[in-house]
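Note that ligands are numbered from 1 as they come in the structure, with each ligand's atoms numbered from 1 the same way.
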Amino acid sequence: MSHLISIRDLTREEAITILDTAEQMAATQNRGIKKLPTLQGKTVVNLFFEDSTRTRISFETAAKRLSADVINFQARGSSVSKGESLKDTALTLQAMGADAVVVRHSSSGAAHRLAHAGWMNLPVLNAGDGTHQHPTQALLDAMTLRRHYATEGGTPHAGTGLDGARVVIVGDILHSRVARSNVDLLTMLGARVTLVAPPTLLPIGVEAWECETSYDFDDAIASRPDAVMMLRVQRERMSGAGGGFFPSPGAYHFEYGLTPERFARLDPHAVVMHPGPMNRGLEICAEAADSDQSVIVEQVGNGVCIRMAALYLLLASEGQRND
Ligand code: CP
């Protein structure tokens, strides 16, 4: 592994290595001193062309916990607003001595271009590109699920996947890099995934994905899933309130929201997930988001460990890599 661009670039063994390494990182985070010396002297650049709270802060935290120096680059306020290209930004970062680049961009394929265009020779970690992929989000979601379903005595044991776990992913699949990454990863790990959305929010060609699809959230709940992952309605990628994708926010909530009534029908063992940021009252009600079955805060915490694992695997063993 020389970059982390897409779940599709990973083998099952590589994905499980990242998850197992993240568990080892998690074990170090209960100590009084959380910092490890592993990436001392390395510089990680966070290159964010789109807004982010969780991903940017957790990549920064992860790099700092591994003792790397971190440079945060926000497109807003940089020379990108004067027209500087992705290529010239990349050349500038390489010239300044960066050792790895974490990139979020609104264009699908931007992370791949940065990694493979030959502009720079650094590991690239995709922090979300357009509607394409968000690999560390899927990995932190898998870590969270594995902690609930692939455990023995409460501890995930090395090498396990998610065999047999049933996961329902609900909402704005069309615009969701989280859904795409999760379908790829969760099915690779042995889970069964069902996507639930109105027909307008399912992408063309979804029938070729390795999952089931449904327009009926109540049916999906009746199938007694182990986890329900609610997706954010990405209104910034639609024009207007619903952009013609649904009649009104109220109608969307009624048909596709995790309402108090639907939440009450979930099995007590089922966990409620959301990648954040949440639109409370639209795709998810407060009762579900704040319940004991919610693992939304756990997902954020696991994100730091997954990103520590990814940075460690890409940077700490750089000299030993042969790919
Ligand atoms: N889940 C996620 O990517 O959140 P942010 O946009 O806050 O990074």
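Here the shortest heavy-atom distance to atom 3 (O) of ligand 1, taken over Q137, R104, R54, belongs to R104.
Between F245 and H175, the ring-plane angle classifies as perpendicular under the 30° and 60° cut-offs. Using cut-offs of 30° and 60° on the angle between ring planes, the pair H116 and H3 is perpendicular. Relative orientation of the Y149 and H269 rings is perpendicular, given thresholds of 30° and 60° on the angle between their planes.
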Does R56 form a salt bridge (Lys or Arg N to Asp or Glu O under 4.0 Å) with E60? I'd like the steps, not just the answer. CA-CA 6 Å; R56 192 188 61 72; E60 178 173 359; 3.2 Å; yes

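At the shortest separation from atom 1 (N) of ligand 1 among protein heavy atoms lies P275 O, 2.9 Å. Protein heavy atom closest to atom 2 (C) of ligand 1, with residue, atom name and distance, is T55 OG1, 3.5 Å.
In this structure, Q29 places its CD atom where more than 12 heavy-atom neighbours from other residues, nucleotides or ligands lie under 6.0 Å away. For R224, the CZ atom sits in a loose shell: 12 or fewer heavy atoms of surrounding residues, nucleotides or ligands are nearer than 6.0 Å.
G128 does not count as a contact of ligand 1, since none of its heavy atoms falls under 4.0 Å from the ligand. For E50, the closest heavy-atom approach to ligand 1 does not fall below 4.0 Å.
On a distance-only criterion, T53 and ligand 1 share at least one N/O pair closer than 3.5 Å.
The G276 neighbourhood of ligand 1 comprises atoms 1 (N), 2 (C), 4 (O), with distances under 4.0 Å to a heavy atom of that residue.
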